[in-house]
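Data first, discussion second: the structure below is written as structure tokens.
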Amino acid sequence: MIIKTRKDIASSEITPESVYRERRKFLKSSANVALGAAGAGLLSPAGIAQTGDSLFARAPADINLASKPDWLLEKVAQSVPAPESGPYFTDETKTPFDDVTTYNNFYEFGTGKGDPANNARDFRIDPWSVEVAGECGKPGTYTLEDILKPHAFEERIYRLRCVEAWSMVIPWIGFSLADLLQRFDPNGNANFVMFQTLVDGDQMPAQRSRFASIDWPYQEGLRMDEAMNPLAMMATGVYNDVLPAQNGAPLRLVVPWKYGFKSLKSIVRIEFTRRMPNNTWNDLQPSEYGFYANVNPEVSHPRWTQASERRLPSSLFKPQRIPTRMFNGYEEEVASLYAGMDLRRNY
Ligand SMILES: Nc1nc2c(c(=O)[nH]1)N[C@H]1C(S)=C(S)[C@@H](COP(=O)(O)O)O[C@H]1N2
Ligand SMILES: [Mo]
């Protein structure tokens, strides 16, 4: 049986990808010269952003990685599109590959939107391992291959809403986080699960900076029932390829109903905990970034409204302001997780 998949008509295939990227690179670097000065973001009182987003901070697009393991490429190539009928698909216009991979938040590589793409060129994901710890039956150190091998990959097209009020539509490749967590036999005390990003000052320049105000590792947690919701995804690819370093290679969370900062990149540690874990943004500015961080148009950030968002690509000349939806449009899937909770208090 021959099935025509969405992959067959991916825009990245209409122009050969390398040609497409080279052309964009050229256009963009000319634009940067003219507009670069406008790209410096607004620092918050704490001296660190979630800044208001900077419009022009861009870098050349690339798949930034020292190498891609063959077995991973093969698995990614075998991924199938998720059914269009459910929440794993949207027919909203996808944010182009180039924007997805050059407009990033990944503070380990710098706070500018273009810094991750520029500073992560030779990022190494081979070898990679993940430590699993805490309230579970199968703690230990697992190689990336141990982690990924048993799972069939699928492509899911999700909205990503950053707390800074911009958003994208991204075709991720991966699988439900629940399927991974179950393999470690979380026990009855596992009320939360906590994730940590790699700490490696050799590869991540902001981690060796004396000025970084983040207490590395970057860490985020989810309540166990949130983590087990099938919408929560472990992603390992984007746009039919492995993840570029700037998007969180080789393994990242995608929690589409929450602000982007919960979707932690380049995971090296997973811990099941009894108590609510600390998390990076909440530690920095508790009044601005809560543990839950559910997308909610009715609860403003202290310094800006969350009622609408700038959908990328967007420019000064062709702005795309759209209303923000409750739980980022995934209300049907996740609202029941918060039944009876005051979402104004639990922001
Ligand atoms: N380790 C780590 N993970 C991170 C971040 C970060 O700075 N460090 N930024 C977060 C924020 S604020 C957002 S909006 C998303 C952005 O993901 P993207 O660059 O793939 O679009 O990554 C999240 N994950
Ligand atoms: Mo974000």
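Source: prediction; values computed, not measured. Atoms considered below: every heavy atom in the structure, side chains included; atoms not considered: hydrogens, waters and symmetry mates.
Atom OG1 of T95 and atom CG of L312 lie 6.0 Å apart (nearest 0.5 Å). Annotation: the span from R161 atom CZ to E164 atom CD amounts to 10.0 Å, rounded to 0.5 Å. Atom CG of L251 is separated from atom NZ of K265 by 13.5 Å, given to the nearest 0.5 angstrom. With rounding to the nearest 0.5 angstrom, the CG atom of D215 is 8.0 Å from the OG1 atom of T280. Remark: C136 SG to D185 CG distance equals 7.5 Å, nearest 0.5 Å. For the atom pair E298 CD and T324 OG1, the distance stands at 11.5 Å (nearest 0.5 Å).
Closest heavy-atom contact between Y239 and P96: OH-CA, 3.7 Å. When every heavy atom of F175 is checked against every heavy atom of A152, the shortest pair comes out as CB-O, 3.8 Å. P186 and L181 get closest at one heavy-atom pair: CD-O, 3.3 Å. Closest approach of A227 and V193 over heavy atoms only: CB-CG1, 3.6 Å. In terms of heavy-atom proximity, A178 sits nearest to M228 at CB-O, 3.5 Å. For the residue pair A165 and Q306, the shortest heavy atom distance occurs at CB-OE1, 4.1 Å.
Side-chain contact annotation: N187 with E135, donor-acceptor N/O pair under 3.5 Å present. Between the side chains of Q196 and Q219, at least one donor N or O lies within less than 3.5 Å of an accepting N or O. Q203 and D200 form a side-chain donor-acceptor contact under 3.5 Å, judged by distance and modelled atom types alone. Between the side chains of S176 and R156, at least one donor N or O sits under 3.5 Å from an acceptor N or O. Between the side chains of S167 and R310, no donor N or O sits under 3.5 Å from an acceptor N or O. Side-chain atoms of T273 and E271 form no donor-acceptor pair, as typed in the model, at a separation below 3.5 Å. Under the 3.5 Å distance criterion, with hydrogens and angles disregarded, no donor-acceptor pair is assigned to the side chains of Y330 and R325. Between the side chains of K113 and N105, at least one donor-acceptor pair of N or O atoms lies under 3.5 Å. Of the N and O atoms on the side chains of T141 and E131, not one donor lies less than 3.5 Å from an acceptor on the other residue.
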side-chain contact (heavy atoms from CB on, under 4.5 Å) between N247 and T101, intermediate numbers included: CA-CA 7 Å; N247 294 91; T101 56; 3.5 Å; yes
When you look at V163 and V295, which way does the side-chain contact (heavy atoms from CB on, under 4.5 Å) test go after all the steps? CA-CA 8 Å; V163 74; V295 175; over 6 Å; no
Given R208 and D202, is the salt bridge (Lys or Arg N to Asp or Glu O under 4.0 Å) satisfied, shown in steps? CA-CA 8 Å; R208 31 176 217 268; D202 287 341; 5.7 Å; no
Can you check side-chain contact (heavy atoms from CB on, under 4.5 Å) on T236 and L72, steps first, answer last? CA-CA 9 Å; T236 175; L72 182 56; 3.7 Å; yes
Pair Q207-V199, side-chain contact (heavy atoms from CB on, under 4.5 Å): steps then yes or no: CA-CA 7 Å; Q207 291 181 335; V199 178; 3.9 Å; yes
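Between the side chain of K68 and the backbone N or O of D241 there is no donor-acceptor pair closer than 3.5 Å. Judged by distance alone, with hydrogens and angles left aside, the side-chain atoms of S266 form a donor-acceptor pair with the main-chain N or O of A249 at under 3.5 Å. Without hydrogens or angle criteria, K75 side chain to K149 main chain gives a donor-acceptor distance under 3.5 Å. Side-chain N or O atoms of D115 include one that pairs as donor or acceptor with a backbone N or O of G112 at under 3.5 Å. Proximity of a side-chain donor or acceptor of R183 to a complementary backbone N or O of I147 within less than 3.5 Å is detected. In this structure a side-chain-to-backbone donor-acceptor pair under 3.5 Å is present from N104 to V100. In terms of modelled atom types and a separation under 3.5 Å, the side chain of S79 and the main chain of I173 share no donor-acceptor contact. Of the possible donor and acceptor atoms, none in the side chain of N294 sits under 3.5 Å from a partner among the backbone N and O of F327. A donor-acceptor pair under 3.5 Å is formed between the side chain of S263 and the backbone N or O of V255. Put simply, the side chain of N279 never gets that close to the backbone of G221: no donor and acceptor are under 3.5 Å apart.
Between R311 and E92 the shortest side-chain heavy-atom distance falls below 4.5 Å. When side chains are defined from C-beta on, N191 does not count as touching M224, because their heavy atoms never get closer than 4.5 Å. Between Y158 and W257 the shortest side-chain heavy-atom distance does not fall below 4.5 Å. Here the side chains of W71 and L144 are in contact, with some heavy-atom distance below 4.5 Å. Side-chain contact between F123 and R121 is absent, with no heavy-atom pair separated by less than 4.5 Å. Side-chain contact between L243 and R252 is present, with at least one heavy-atom pair separated by less than 4.5 Å. For the pair L198/P217, no side-chain contact is recorded, criterion being any heavy-atom separation below 4.5 Å from C-beta on. The closest side-chain heavy-atom distance from I170 to K94 is not below 4.5 Å.
Ring geometry, Y142 versus F184: the interplanar angle falls from 30° to 60°, so the pair is classed tilted. Note: Y103 and W166 have perpendicular aromatic rings, judged against thresholds of 30 and 60 degrees for the angle between ring planes.
Transitive grouping of hydrophobic side chains (ILVMFWY, heavy atoms separated by less than 4.5 Å) keeps Y347 and L343 in distinct clusters. The same ILVMFWY cluster, assembled from side-chain heavy atoms under 4.5 Å apart, contains both I267 and Y218. Hydrophobic clustering, with ILVMFWY side chains joined whenever heavy atoms are under 4.5 angstrom apart, keeps M194 apart from W216. Linking Ile, Leu, Val, Met, Phe, Trp and Tyr whenever their side-chain heavy atoms come within less than 4.5 Å leaves M341 and V299 in two separate clusters. Residues V242 and W128 share a hydrophobic cluster, clusters being chains of Ile/Leu/Val/Met/Phe/Trp/Tyr side chains in contact below 4.5 Å.
The six-membered or imidazole ring of Y289 lies away from that of Y259, with a centre-to-centre distance of 6.0 Å or more. Between W281 and Y107, a ring centre-to-centre spacing shorter than 6.0 Å is recorded.
F291 carries K262 over the face of its six-membered ring, with the cationic atom under 6.0 Å from the centre and within 45° of the normal.
Ion pairing between E288 and R303 holds under the 4.0 Å rule for side-chain N and carboxylate O. Ion pairing between a basic and an acidic side chain is recognised when a charged N comes within 4.0 Å of a carboxylate O; R223 and D225 show such pairing.
Applying the 6.0 Å contact sphere to CG of D342 captures more than 12 heavy atoms from other residues, nucleotides or ligands.
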